[in-house]
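These notes concern the structure reproduced below.
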Protein chains: 2
Amino acid sequence: MIKFIILGFLNYGQFTGYDLKQMMTYSTSNFISASFGSIYPALNKLEKDGLISSTKVVENGRYKKKYTINKIGEDEFIRWLEEPIDFMRSYEDILAKVFFYKKLPKESTIKLIEQLIEDINKKIKELEKLETMIKKEAEYFEISTLYFGRDHLKFMADWYGKFVEDIKQR
Amino acid sequence: MIKFIILGFLNYGQFTGYDLKQMMTYSTSNFISASFGSIYPALNKLEKDGLISSTKVVENGRYKKKYTINKIGEDEFIRWLEEPIDFMRSYEDILAKVFFYKKLPKESTIKLIEQLIEDINKKIKELEKLETMIKKEAEYFEISTLYFGRDHLKFMADWYGKFVEDIKQR
DNA sequence: TAGCGCATGTAATATGTTACATGATTTC
DNA sequence: GAAATCATGTAACATATTACATGCGCTA
């Protein structure tokens, strides 16, 4: 996960691990935040795997390692972005992709979100079947968690429905 | 996390690791599911720590290890349930507690949920401040993730608001 | 000169998954 | 007799956090 957020930000320029942490704090902390303890090892692994490259520089007398994304990294990032959204993962995972959707052609974005909505609606129907099956025996708080699940998915389908309409009209 | 789900289920009787996995599959898979690879080690640790005890039995010629919750386990479970809900964790974590709220007196449950709603509303105000600050520079998809965050929290506050009213009227 | 911000990194810990290993009983 | 289900467990891996370790430059 953190891997793709890093690749995403490196699409916009050269940054240090410290820069990336700042960017996450200011713009993605709402759904993804990372500590230095995950950013630095992730950067090292990405470089080892050839997705990014680093240059050692001294700026204002300070030693820095600036990272640049490579072609392989760009390709892997786009491949990830274009993958259908797995809505059963947390909503944070969905937002991590949405955050970078401007990198994709408008039609791709629209297709991905419409697919997402369809998948969510399928899941809602499944849940509603389950509900009618276990309604009688289940305890109040237990069944309430099912109702929350259902309503939460309805909220998601609804929100992304409006979102996709908004994207179409832009 | 898995630890408290196990303790929660052991409040209802004696079960094996296999039983617990089944119960999760059928009733909490909506927000929590666990593999045997996490259930069995968790059971061993809980026993080592004295929160649960096991008895080896042979049923239908099959070797089983049935677990019982101890007083320490019960106390620790209730302590966890009574803790204020940390809504910044995933909604799955919230549901994990709600699922077992029948173990708590009605007034405690109501207080916990009302506190949750208050915390969510505070966070919504923070987000709205942030929005007005960065509205101008931010890119469409980037700011959309903020809007989702805000609307998602509003959905949560709303849902739990109705929930607490329903609990009061029962 | 103390403290904060910038900058990188490691070690210990937490928490889980997937795959593997084993073996019994029940069902078709 | 094969396959599914019951039943327990370990090993390798994945992914992250928190705390620690280090050191420079700027500002009060």
Side-chain angles (χ1 to χ4, degrees), chain A residues 1-7 9-10 14-26 28-29 31-49 51-68 76 80 86 88-90 92-93 96, chain B residues 1-7 9-10 14-26 28-29 31-49 51-68 76 80 86 88-90 92-93 96:
Chain A
M1 186 75 265
I2 183 70
K3 166 183 167 181
F4 295 107
I5 307 293
I6 290 174
L7 289 176
F9 279 122
L10 289 182
Q14 285 195 3
F15 301 105
T16 66
Y18 195 89
D19 292 337
L20 290 167
K21 162 92 174 163
Q22 300 269 295
M23 292 163 97
M24 287 180 209
T25 303
Y26 290 123
T28 69
S29 58
F31 53 96
I32 288 281
S33 58
S35 56
F36 287 123
S38 63
I39 291 172
Y40 287 116
L43 284 169
N44 288 328
K45 182 152 196 308
L46 282 167
E47 185 168 26
K48 209 190 77 193
D49 295 346
L51 307 198
I52 61 176
S53 305
S54 68
T55 332
K56 279 175 192 161
V57 291
V58 177
E59 241 171 56
N60 316 320
R62 263 200 201 91
Y63 155 75
K64 291 182 188 192
K65 246 170 111 177
K66 288 211 171 188
Y67 289 93
T68 317
E76 176 121 353
W80 172 74
D86 179 4
M88 287 307 285
R89 301 176 63 85
S90 66
E92 284 90 350
D93 288 33
Chain B
M1 185 77 265
I2 184 69
K3 165 182 167 182
F4 295 108
I5 308 293
I6 290 174
L7 289 176
F9 279 121
L10 289 182
Q14 285 195 1
F15 301 105
T16 67
Y18 195 88
D19 292 336
L20 291 166
K21 161 93 174 163
Q22 300 268 295
M23 293 163 95
M24 287 180 208
T25 302
Y26 290 122
T28 68
S29 58
F31 54 95
I32 288 281
S33 58
S35 57
F36 287 123
S38 63
I39 292 173
Y40 287 116
L43 285 168
N44 287 329
K45 180 151 198 308
L46 281 168
E47 185 168 25
K48 209 190 77 192
D49 295 345
L51 306 198
I52 61 176
S53 305
S54 70
T55 332
K56 278 174 192 160
V57 291
V58 177
E59 241 172 56
N60 315 320
R62 263 201 200 90
Y63 155 77
K64 290 183 189 191
K65 247 170 110 177
K66 288 210 171 190
Y67 288 93
T68 318
E76 176 122 352
W80 172 73
D86 179 4
M88 287 306 286
R89 302 176 63 85
S90 67
E92 283 90 351
D93 288 34

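Below, chain A is the first sequence line, B the second, and so on; all start at residue 1.
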Side-chain contact test, heavy atoms from C-beta onward, threshold under 4.5 Å: evaluate it for [X] versus [Y] and give yes or no.
X        : Y        : result
Ile6(A)  : Met24(A) : yes
Phe15(B) : Lys21(B) : no
Leu10(A) : Leu46(A) : no

To the nearest 10°, let me know how far the axis at one end of the helix from dT1(C)-dA28(D) to dC28(C)-dG1(D) is tilted from the axis at the other, five pairs an end. 20°
I need the [atom1]-[atom2] distance between [X] and [N], as an integer number of Å.
X        : N       : atom1 : atom2 : value
Ile5(A)  : dT15(D) : CD1   : P     : 14 Å
Phe15(A) : dC6(C)  : CZ    : C1'   : 16 Å
Ile39(A) : dT15(D) : CD1   : P     : 16 Å
Asp93(A) : dA14(D) : CG    : P     : 18 Å
Met1(B)  : dG16(C) : CE    : P     : 8 Å
Met88(A) : dT17(C) : CE    : C1'   : 16 Å
Lys3(A)  : dT15(D) : NZ    : C1'   : 13 Å

With a non-hydrogen cut-off below 4.0 angstrom, is Ala42(A) in contact with a base, only sugar-phosphate, or nothing?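 No contact.
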Checking all strands, does Ser33(B) fall into the base, sugar-phosphate, or nothing category for heavy-atom contacts under 4.0 angstrom?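 Here Ser33(B) touches the backbone only, sparing every base.
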Only counting residues at least two apart or in another chain, list the ones meeting side chain to side chain donor-acceptor pair (under 3.5 Å) with [X].
X        : result
Ser90(A) : Glu92(A), Asp93(A)
Asp49(B) : Lys45(B)
Asp86(B) : none

Tyr67(A): which of Leu7(A), Leu43(A), Thr16(A) passes side chain to side chain contact (heavy atoms under 4.5 Å, CB included): Leu43(A)
Distance-only check: which donor-acceptor pairs under 3.5 Å involve side-chain atoms of residues 33-40 of chain A, not counting sequence neighbours?
unit_1, atom_1, unit_2, atom_2, d
Ser38(A), OG, Ser35(A), N, 3.4
Ser38(A), OG, Ser35(A), O, 3.0

Strictly below 4.0 Å: does Ser35(A) bring a side-chain N or O up to OP1 or OP2 of dT17(D)?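 Indeed, a polar side-chain atom of Ser35(A) lies that close.
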Going from CG on Asn44(B) to CD1 on Ile52(B), what distance comes out if it is rounded to the nearest 0.5 angstrom?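 With rounding to 0.5 Å, CG (Asn44(B)) is 8.0 Å from CD1 (Ile52(B)).
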Please encode protein proximity along nucleotides 5-11 of chain D as a string of B, S and -, counting only heavy-atom distances under 4.0 Å. BBBBBB-
